[in-house]
Amino acid sequence: MTVLTRDAEERDVEELRSLAATAGRALEGAPAEEIVRWAATEFGSRFCVTSSFADAVLVHLVSRVAPGTDVVFLDTGLHFPETLQVRDQVAGSLPVRVRSIRPELTVGQQDGRYGPRLFAREPDECCALRKVEPLERALSDYDAWAAGLRRDESPTRAGTPVVHFEAARGKVKVNPLARWTAADVSRYVSRWDVPVNPLIARGYASVGCWPCTRRTRNGEDPRAGRWPLFDKTECGLHR
Ligand code: SF4
């Protein structure tokens, strides 16, 4: 079992850019476990994984390959109770450290400052306050982060690289499941008995904050249920 080997050590931006470019080419056809192993070995405690806990596949995989890795969860205050249950189940059963990162403002404080139901009027601004700023704050502790994006989720994710450099953040972004399909996810869940958000079985192909998520219909893009009233498919976390 691989353990984190590298000391916490901030890396130069040009070094990160070069590492990401080399790894992106070398790991394009690699199994997800190998991609995670590379990131955990290269960055040690300055590598984390993010999860929205629609399922715990990536977190489970990381816990096998690199136990002890930090898991960042953006606790917007507007999640379904089922999502929080999956988070708590993972925190209590897998060898990872789950960090719940909250926005600067509670939902009530945001309502007071911006008016109620900002998500129904200005979802980009709401996501910026409740997701993007907390992520930026959390990522200040890391040089590299992983997320569970897959190319088959939507046309906007079809070009997702397995490893790349995010110039705007100065971070290495790792997408170990980029080449996986929904069937690969199902197989992994069955094989390892991975916790899955019960909302998936109730027709929510993608799970986010409750005000901005609806069930999807057969044949719809998995992310069609996110921000259904707006021309918006991403929260701004993935660039
Ligand atoms: S997903 Fe909706 S409720 Fe959640 S932060 Fe974005 S706009 Fe706000």
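Whatever order the structure lists ligands and atoms in, that order sets their numbers, starting from 1. For reference, positions follow the sequence shown, starting with 1. Predicted model, so just to flag it, every value in this text is computed and none were measured.
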Taking only heavy atoms of P123, which atoms of ligand 1 are found under 4.0 Å from at least one of them? 7 (S)
Hey, is atom 2 (Fe) of ligand 1 within less than 2.8 Å of some N/O/S atom on C212? yes
Kindly confirm whether atom 8 (Fe) of ligand 1 is within less than 2.8 Å of some N/O/S atom in C126? yes
With sequence neighbours excluded, what pairs up with R179 under the salt bridge (charged side-chain N to carboxylate O under 4.0 Å, His left out) test? none
Does the separation of the ring centres of F47 and Y142 fall below 6.0 angstrom? no
Ligand 1 atoms in contact with R130 (distance to a heavy atom under 4.0 Å): 5 (S)
Nearest non-hydrogen atom to atom 6 (Fe) of ligand 1 belongs to which of G208, C127, C209? C127
Just jot down the ligand 1 atoms closer than 4.0 angstrom to any heavy atom of L78, in number order. 3 (S)
Atoms of ligand 1, numbered as shown, that sit under 4.0 Å from any heavy atom of F119: 2 (Fe), 3 (S), 7 (S), 8 (Fe)
Counting N and O atoms only, with roles assigned by atom type, does the side chain of T213 sit under 3.5 Å from a partner on the main chain of W210, one being a donor and the other an acceptor? no
Under 6.0 Å from the six-membered ring centre of W145 and within 45° of its axis: does the NZ or CZ of K171 meet both? no
Under 4.0 Å to a heavy atom of K131 - the qualifying atoms of ligand 1, by number: 1 (S)
Before accepting this row, confirm whether a basic side-chain N of the pair D75/R102 lies closer than 4.0 Å to the acidic partner's carboxylate O. yes
Enumerate the residue pairs fulfilling ring-ring contact (aromatic ring centres under 6.0 Å, His included) with a member in residues 165-187, sequence neighbours excluded, ordered by first and then second residue. W180-Y188
